[in-house]
Amino acid sequence: MVNIGFDQSIIDIIYKYGSDILEDERFLEETKYIQHGDTSTYTHSLCVTYISVWMAIRSRHNIDMSAVVHGALLHDYFLYDWHEKNEYHNLHGYTHAKRAMANARRDFNINELEAGIIYSHMFPLNLTHIPASREARIVCMADKLCAGIETLSIMHYNQAFAEV
């Protein structure tokens with residue numbers, strides 16, 4: 001297993017803006033579902049959030065860090081096992097961003113910027129949902145990076161994120 005050394009300042013930012021989501025029992029349902037490889041949707045969401053904050057800190061632009069954290073934490077807030085075969089999950093790659101956004105609007109007080117981050121995170125698979133903000137582009141890129149790592153099983157960070 002690769003040791004991922006975490007930057008405490010990034011973790012502090014995630015908790016500053018996302019503690020309400022991280023402590024919510026509805027969000028914790030993500031621990032029940034596998035996202036990529038053997039990585040839970042919850043762990044994937046934490047990875048995407050961590051990498052998004054890391055990227056936002058290094059950006060030369062003014063970034064709404066609260067929106068980045070909220071959007072990244074909730075980008076896959078679809079709350080089902082997409083590996084189960086049924087008509088509801090057939091087009092998961094194309095439909096889950098809209099479902100995640102609807103669930104996030106229902107369960108959390110997200111704004112339009114955050115909704116846009118969630119809705120557009122599957123670009124370029126969804127060519128009609130182009131990330132319109134810097135924050136959305138950051139989360140979209142972080143999602144692709146984390147998904148690739150998880151799918152290829154390059155690193156196993158489930159246990160590492162459990163300790164954060």
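Of all the heavy atoms in N111 and L113, the pair that sits closest is OD1-N, 3.0 Å. Closest approach of H44 to D143, counting heavy atoms only: NE2-OD1, 2.8 Å. What you find for I51 and A142 is that their closest heavy atoms are CG2-CB, 3.7 Å. Listed here is the closest heavy atom pair of Y17 and H70: O-NE2, 2.7 Å. Nearest heavy atom pair, residue I118 against residue G71, reads CG1-O, 3.8 Å.
Summarising the geometry, atom CE belonging to M55 is positioned 11.5 Å from atom CD1 belonging to I10; distances are rounded to the nearest 0.5 Å. In this structure, L74 CG and E30 CD are separated by 7.5 Å, a value rounded to the nearest 0.5 Å. The structure places CZ of F27 at 7.0 Å from CD1 of I21, a figure rounded to the nearest 0.5 Å. We find the NZ-CG distance between K98 and N103 to be 12.5 Å, quoted to the nearest 0.5 Å. Once rounded to the nearest 0.5 Å, the distance linking CD1 of I149 with CG of L145 reads 4.0 Å. Interatomic distance, OG of S120 versus CD of E135, reported as 10.5 Å (0.5 Å rounding).
No donor-acceptor pair under 3.5 Å is formed between the side chain of T43 and the backbone N or O of S40. At distances below 3.5 Å, not a single donor-acceptor pair connects side-chain atoms of Y50 with backbone N or O atoms of I14. When atom types are taken as modelled, the side chain of H75 and the backbone of I117 share no donor-acceptor pair closer than 3.5 angstrom. Panel note: side chain R134, backbone H61; no donor-acceptor pair is recorded below 3.5 Å. The main-chain N or O of L73 is found under 3.5 Å from a side-chain atom of T49 such that the two form a donor-acceptor pair.
Here the two rings, on Y77 and F108, have centers that are under 6.0 Å apart. Between Y42 and Y33, the gap from one ring centroid to the other reaches at least 6.0 Å.
A side-chain donor-acceptor contact under 3.5 Å links D76 and H121.
Scanning for salt bridge (charged side-chain N to carboxylate O under 4.0 Å, His left out) contacts around R105 gives E112, with sequence neighbours left out. Listed by chain and number, the residues in a salt bridge (charged side-chain N to carboxylate O under 4.0 Å, His left out) with D12 amount to none (sequence neighbours excluded).
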Candidate pair I13 and I57, rule side chain to side chain contact (heavy atoms under 4.5 Å, CB included), full reasoning: CA-CA 10 Å; I13 291 168; I57 289 169; 3.7 Å; yes
